[in-house]
Amino acid sequence: MKRILTYGTFDTFHWAHMSLLQRAKSLGDWLAVGLSTDEFNKLKGKKSYFSYEQRKEILSGVKHVDFIFPEDNWQQKRADIIKYKIDVFVMGDDWAGKFDDLSDLCKVVYLPRTPNISSTVIKQIMKDFER
Ligand code: C2G
């Protein structure tokens, strides 16, 4: 069984997130997602619209996702790859090159990011709509 791993905040879940998860899963048989906690998002300089529990509930409904666990620091990836016996680590190519240091443990793949959509824009639209 080929095991895939990715990480993210997945706030205001949208088409591009679905596309990333679908493409990541197509590289193997089992996809784990390290979901950024609200506290880690602060470290990332992000404030998610939906809480960790809400974002986890949404991801749990995505058929491509087999397992979800908390991402609460930058340093946990190596341990996660070993713990979950990961074969392929996947991120969108906005992260291209950033995780090449993991390539001694598993294959590292950067997938093309979907243009013209982001949680930031969606949150702005939601804010304008609520006015
Ligand atoms: N993504 C994408 N296209 C977009 C938006 C996002 O392909 N238009 C991808 C990102 O490249 C990432 C995933 O969807 O692989 C999740 O995106 P975010 O929730 O924004 O994740 P990020 O904040 O980049 O967190 O330790 C890694 C970090 O936790 C990644």
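Atoms within a ligand are numbered from 1 in the order they appear, just like the ligands themselves.
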Practice prompt. Decide whether an N or O pair under 3.5 Å exists between K77 and ligand 1.
Written response: yes
A student checking ligand 1 against I117 at a 4.0 Å heavy-atom cut-off should list atoms 4 (C), 8 (N)
Of all the non-hydrogen atoms in the protein, which one sits nearest to [atom], and at what distance?
atom	value
atom 15 (O) of ligand 1	G92 N, 2.9 Å
atom 19 (O) of ligand 1	F10 N, 2.8 Å
atom 28 (C) of ligand 1	K44 NZ, 3.5 Å
atom 4 (C) of ligand 1	A16 CB, 3.4 Å
atom 10 (C) of ligand 1	D94 OD1, 3.8 Å
atom 9 (C) of ligand 1	L20 CG, 3.9 Å

Discussion item. Taking only non-hydrogen atoms of S118, do any sit less than 4.0 angstrom from ligand 1?
Written reply: no
From the list I122, V121, D128, side-chain contact (heavy atoms from CB on, under 4.5 Å) with Q124 holds only for D128
Would you tell me which option among [options] has the nearest heavy-atom contact to [atom]?
atom	options	result
atom 24 (O) of ligand 1	W95, W74, F13, F99	W95
atom 17 (O) of ligand 1	M18, K46, R113, H17	H17
atom 26 (O) of ligand 1	R23, R55, E71	E71

Next on the checklist: Closer than 4.0 angstrom, basic N to acidic O: yes or no for R78 and D104?
Outcome noted: yes
Among side-chain atoms of [X] and [Y], is any donor-acceptor pair under 3.5 angstrom?
X	Y	value
T37	D72	no
Y52	N41	no
D100	Y110	yes

Between the CG atom in D11 and the OG atom in S119, the distance rounded to the nearest 0.5 Å is 5.0 Å
**Asked** If you draw the axis of the six-membered ring of F89, does the NZ or CZ of K77 fall within 45° of it and under 6.0 Å from the ring centre?
**Response** no
Inset, instruction - Step by step, work out the ring-ring contact (aromatic ring centres under 6.0 Å, His included) result for F50 and F13. - result: CA-CA 9 Å; F50 294 109; F13 192 80; over 10 Å; no
Counting heavy atoms under 4.0 Å, the part of T9 that contacts ligand 1 is both
